[in-house]
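Note that the structure is a prediction, hence the values are computed from the model and not measured.
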Amino acid sequence: MASGSAPLSMTHLDSEEADALLKEGVLRLLLEQASEALVLVDVTGRVLAFNVEAGRNFRMSQPERAEQGWLPGCVWMRAEDASMSVEVPPLARALTGEWVAESRWRVRRPDGTHVVLRASAVPLEHQAGLTAGALLRACEVAASPALDAVDSARLLAEAGALLGAAFDEEAAPRLLRLLVPALADAAVLYLGLPGEPPRPVTALHTEPERHALLQELLRRYPLPPERVLPLFGAGQPERLRVTEAHLEAAARDAEHARMLRGLGLRCYLGVPLVARERVIGALALFRADEARDFTGEEARLAEEVARRTALSVDNARLLQEAREAVRLRDEFLGIASHELKTPLTPLHLKVQLLQKQVDGMAAHHQPVSAERVSETLEVVQRQVRKLTSLVDNLLDVSRITAGRLKLEVEEMDLASVAAEILYRFAPSASQLQCELELHAPVPVMGRWDRLRLEQVVTNLLSNALKYGAGHPVRVAVEAEGLTARLTVRDGGIGISAEDLPRIFERFERAVSDRHYGGLGLGLYITRQIVEAFGGTVRATSEPGQGSVFVLELPRGDIPEEWLTAHGAPEPSTS
């Protein structure tokens, strides 16, 4: 037909042209009236047919080309596969001559939304037997990915099997692979130690590019505690349609806003993980299509998964704590038996030697040497005092554990108590070649239990002498309003940064018990007594640079004149 000529009527066409036009018209009618998406592509990638349903399902007008069978802007993934691997689409496979059977696919459309399709594709051959093109047939599975009762039961059963044992590092990503894409397009699992805000431990997105973006966003822009805790602190689930206003409010800068928008998340469901009435984490689920909001049934399913996850995480922590307690107990029993045996051995030898001497002298009718008896008794007393101290520490731990640590409060001067303790330690300090210094220019009055306060100062000073042998030990006492402060500074071996947080715990030691004796209870008892006073004790240290222990105590309900006390305390010599 010449360009620009008048339209020809059917009478001007021969029978073959008429048949071709008729077939083309019938074909187009069938394509447009079909209830499923139909896409016809020739071997060069030219789109020959793209019906109305195809435009609705893929949310695009007919493209000119589908290079190698890839519709422009579309990403194809297996709907049942949560491995996030991008698949070769059915149309592209059909162009290679493969017959693609019908199966479920998850497709990200050019506008960023997702659709689940049942799709198949067949190659079209010309007379030479070569592939001339391919036909794609697709039908949307559902406008919403709501799980039916069977799917929900299956998901819960798989989650239960996964979480039946104690929660470990491998369980978290495997749990999210159960939920994505079955329940959500993306998910983040938050967990936190007791007393700490939850932090993201694993995250998953159905699409590889956006999965990488999600990981990068969580790394670069972690949620601060004040943002995490209000979301999950109430212990109630939260559903939200994510709008542009939400994204703008959440973004910290332009790059953060770009990354948030790049994820394309439109619906949010947050479910807290609650164990023993404490929020220990949260499960955050997201969908990319605002038309596919989470239903009430899906929210209840997510809550049940979160409940089982919280129980599994809590059981794992309890098991770990039990194992650690057993380890500490066994270690403590070994140290305690060694420490209790240490004074008993010289005590036994001295008494045994004295007995032999007494028996020998009695056999020869000679008087017993008072000097030898006195020397032996001095050793016996020293070792008995050591045994008494060890037993007292054990009893104190028992009282603290049982909540029976009682305080008898009276008025006293912390500076005088410190001076008294330094006086008692003077002989030991001299043997260890440690110079003792006390800076306490004025009395620091307060209301405390004298025996327990002396115990605290004694523990801090004995530690300084033990680990700072050969170096000066300086003690300072001062007051700041209603707070009394005692500082013990040594120049000893110091404590490493990783050991420093645990030195006030029960049975903990920052050094080998082979080189330094003790049960590892002194600083634990010190902290418990100080906290019973309502005070604090802390330490700063560096290896090889010595340590500084700072004790701060409330002075209690004291008279006004005590805040301006004068005169320096004198050490007692009694």
Side-chain angles (χ1 to χ4, degrees), residues 79-84 144-206 211 214 218 223 228-240 267-287 292-324:
E80 295 82 3
D81 183 11
S83 63
M84 301 185 308
S144 169
L147 299 176
D148 58 25
V150 175
D151 289 336
S152 298
R154 177 188 56 79
L155 192 150
L156 278 180
E158 293 180 2
L162 174 62
L163 301 171
F167 200 84
D168 56 22
E169 295 182 359
E170 296 181 357
R174 289 168 60 192
L175 175 66
L176 292 198
R177 284 197 291 270
L178 284 179
L179 303 177
V180 177
L183 188 59
D185 296 322
V188 182
L189 179 64
Y190 293 85
L191 290 176
L193 295 173
E196 296 182 3
R199 57 181 180 83
V201 294
T202 187
L204 185 62
H205 200 292
T206 55
H211 174 74
L214 177 60
L218 292 173
L223 284 176
V228 175
L229 293 178
L231 284 177
F232 310 124
Q236 298 296 324
E238 180 183 37
R239 277 192 286 177
L240 179 70
C267 299
Y268 161 74
L269 172 62
V271 185
L273 273 61
V274 181
R276 289 181 288 166
E277 299 181 354
R278 291 184 296 109
V279 176
I280 63 172
L283 178 62
L285 303 174
F286 301 91
R287 283 181 178 164
R292 298 159 51 212
D293 198 0
F294 294 96
T295 66
E297 285 298 323
E298 288 169 335
R300 284 187 284 274
L301 175 62
E303 288 181 59
E304 179 60 22
V305 172
R307 186 190 68 80
R308 297 188 185 192
T309 302
L311 181 61
S312 181
V313 170
D314 194 49
N315 286 342
R317 288 178 180 171
L318 291 175
L319 180 60
Q320 179 61 30
E321 290 173 3
R323 288 173 175 168
E324 181 64 13

Output all residues satisfying side-chain hydrogen bond (donor to acceptor under 3.5 Å, both in side chains) with Arg239, sequence neighbours left out; order by chain, then residue number. none

Can you give me the closest heavy-atom contact between Ala275 and Ala310, atom names plus distance? CB-O, 4.0 Å

Approximate separation, where rounding is to 0.5 Å, of His211 NE2 and Asp185 CG: 14.5 Å

Rounded to the nearest 0.5 Å, what separation is found between the CZ atom of Arg308 and the CG atom of Leu163? 8.5 Å

Return the set of residues passing side-chain contact (heavy atoms from CB on, under 4.5 Å) with Ala302 (not counting sequence neighbours), or none when no residue passes. Leu183, Leu269, Val271, Leu285

How far does CG of Leu175 sit from CD of Glu170, to the nearest 0.5 angstrom? 13.5 Å

Are any of the side-chain heavy atoms of Arg276 and Leu318 separated by less than 4.5 Å? yes

To check you understand the geometry: which heavy-atom pair defines the closest contact between Ala203 and Leu218, and what is its length? CB-CD1, 3.5 Å

For Leu240, which residues count as a side-chain contact (heavy atoms from CB on, under 4.5 Å) partner, sequence neighbours excluded? His246, Tyr268

If you compare all heavy atoms of Val305 against all heavy atoms of Leu283, which two are closest, and at what distance to 0.1 Å? CG1-CD2, 4.5 Å

Return the CG to CG distance between Leu301 and Leu156, rounded to the nearest 0.5 Å. 5.0 Å

Check this for me: does any side-chain nitrogen of one of Arg154 and Glu158 sit under 4.0 Å from a carboxylate oxygen of the other? yes

Identify the heavy atoms of Leu214 and Ala187 that sit nearest to each other, and give their distance. CD2-O, 4.3 Å

Atom pair CG/CG of Leu189 and Leu273 - distance to nearest 0.5 Å: 6.5 Å

Taking all non-hydrogen atoms of both residues, which atom of Ala284 and which atom of Tyr190 are closest, and how far apart? CB-CE1, 4.1 Å

In Å, rounded to the nearest 0.5 Å, how long is the span from OG1 of Thr206 to CZ of Arg287? 12.0 Å

How far apart are the C-alpha atoms of Arg323 and Leu319, what are their side-chain angles, what is the distance that settles it, and do they pass the side-chain contact (heavy atoms from CB on, under 4.5 Å) test? CA-CA 6 Å; Arg323 288 173 175 168; Leu319 180 60; 3.6 Å; yes

Of all heavy-atom pairs between Val180 and His205, which one has the smallest distance, and what is that distance? CG1-C, 4.4 Å

Salt-bridge contact Glu303-Arg307 (side-chain N to carboxylate O under 4.0 Å): no

